[in-house]
Amino acid sequence: MAFHRSSVGAGRSLWRSLKKDYILYLLLLIPVIHTFIFKYVPMAGIIIAFKDFNPMEGIFASPWAGVKWFEKFLTEPKFWQVFRNTILLSLYNLIWSTPMPILFALLLNEMNGRRVKKAIQTVSYLPYFVSTVVMVGILTQLLSPTSGIVNHVLGLFGIDPIMFMGESSWFRTIYIGSGIWQGTGYSAILYFAALTNIDQELYEAAYIDGAGRAARMRYISIPGILPTIMVMLLLNIGNIMQVSFEKVILLQKPITVDVSEVINSYVYKRGLLNMDYSYGTAMGLLQSLIGFILVTSANAVSKRLTETALW
Amino acid sequence: MYYKKSTGEKIFSIFNMFFLCLFGIVCLYPMIYILAVSFSGSLAVMEGRVWLYPIDFHLKAYEIVFSNDNILRSYLNTILYTFIGTAFNLIAITCAAYPLSKKRLRGRSGFSLYFVFTILFSGGMVPNFLLIQSLGFYDTLWAVTVPGAVSVFYMIILRTNFEQIPSALEEAAIIDGMNDLRILFKIFIPLSLPIYAALILFFAVGHWNSFFDAFIYLQTKDKYPLQVILKEIVTANTLNDLGAGAVGQSAMETTELVGENLKCATIIVVMLPIMMVYPFVQKYFVKGMMIGAVKG
């Protein structure tokens, strides 16, 4: 470890290792500089959240504004609506999307027939490879009120065409449903791997003791994947502020903004399209901070409870 | 071991089989529907007669898609961005993963933290945008290929892989007088070809599907990648909105065509390369996901 060195002669041995491994340091310099420019410089750019930023004057010449922009959006009803939308969309998404891959992995694990099992698993992560734009295109076609198959099927039951994409009440359902479609197979890979790691002898012993299928699932399979479930859940809680910008922007219609506008998309519209740079940065900073606190605390909790942590 | 089943368990097995097959169909069906519509006549689509296979089969939608300049140009753009972007990814993560895989490297944990911190916290959309603008990257190829080059997640996967290469090989090479750069090219990279194959596929699929950067940083239509053009096409309401003259003219010539089958044909054309590499990717995909999960 670089930090446990004796103070005497530290300078010389540092110099020696620099000289010996200069090729390694030169290689490392490329990604280090890249990361500095593209990740750390924008972090420093956050200071425009505390300034009256004017692109003509540049970041340094622009006058300081204190916490004016934070006060501005925190007292704006629109911000709180957007904040609420972000939290609700994430929360509903968490509640609906977390159990699906677990359920899928457990059921697939109980299935007989290797071939069919493999085929279903392979098909299940196909949607993950579909781009967001393509997925929204597919949704628009399936759910179209005039030509879409869904409305034609509903029509057979005497239900009038529904404007799925153009009604606020459907937005969250579509966002979450399509997320389940895209993510279930992909997330299940982890649970499935955890299930295959469970010692088969446990199942055999339980069977000899008279445990039925349900009991084996309840007392062996589920406890076996519980650490994985915990880690994934905490990870998802940590990412609660991260609503997919792409998906929201693509699914959003002017009619549905009352539920579909989230912090990301609002920052984009105010910060970039309206060029309220300072305002957008301030809002983005709040989001990044909340996200950072959530992820680090989720990691700490995970370390305590399951001894598994991301770092 | 063979488990004897009770009647209840047999019923469960049948239902389980049924539900899982249903789930498999749900995953696949939307793609099949889009494929069917793209080959079907407009009337059949509007009447809701198309659900599994094409009705009034024709190829006109594809003829128009392949003669549309916007689509062809964006196809070439996407191929270019995918190649260059993937190359930058590979160079950047190799340069980071190789030194960081050496336990003897001074400041190793500090450098790791330096990279990992960028996953946890970011400057946000506006400072990133201002940076791209002030670097002169706005509306250029560089804006969509350079900023994301260091992918920390995949860098960790590669580093883990490098760490597993036996140190005896490296020691022998040092005795033979090889320097670190030659060791990288003669030993580490050749021994890691399978993981490189996987990484190339991940990155290529990622660049092919990416929308956000191009949407924000590119302005000139000639530079748009496929995903941005597709967005314009699928959100267009009328054929005239589809832009290109070729589309409008052909649509007037024939009543066979409405926007719907044209949109579906475009979706298929955009998805096609991904669906073609999918069988190869998915094998690595599971592996990569596992390494990332264990060591990430």
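Chain letters run A, B, ... following the sequence lines, proteins first, then strands; residues in each count from 1.
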Flag the one option from [options] with the top tally of heavy-atom pairs under 4.5 Å to chain A.
options                                : result
B:Pro127, B:Cys21, B:Ala96, B:Ser13    : B:Pro127
B:Cys27, B:Gly8, B:Ala149, B:Gly123    : B:Cys27
B:Thr266, B:Val146, B:Ile132, B:Ile274 : B:Val146
B:Ala97, B:Cys95, B:Gly124, B:Gly24    : B:Cys95

Which atoms of [X] approach chain A - backbone, side chain, both or neither, heavy atom under 4.5 Å:
X        : answer
B:Leu184 : side chain
B:Tyr114 : both
B:Phe19  : neither

Open item on the list: Tell me whether the rings of A:Tyr40 and B:Phe117 are parallel (<30°), tilted (30 to 60°) or perpendicular (>60°).
Closed with: parallel

Engaged part of [X] at the chain B interface, taking heavy atoms whose separation is under 4.5 Å:
X        : value
A:Val32  : both
A:Leu28  : both
A:Phe292 : both
A:Ile249 : side chain
A:Leu142 : both

Open item on the list: Do B:Arg106 and A:Ser13 pair up side chain to side chain, a donor and an acceptor below 3.5 Å, judged on atom types alone?
Closed with: yes

Open item on the list: Determine whether a donor-acceptor pair (N or O, by modelled atom type, separation under 3.5 Å) exists between the side chain of B:Asn209 and the backbone of A:Phe129.
Closed with: yes

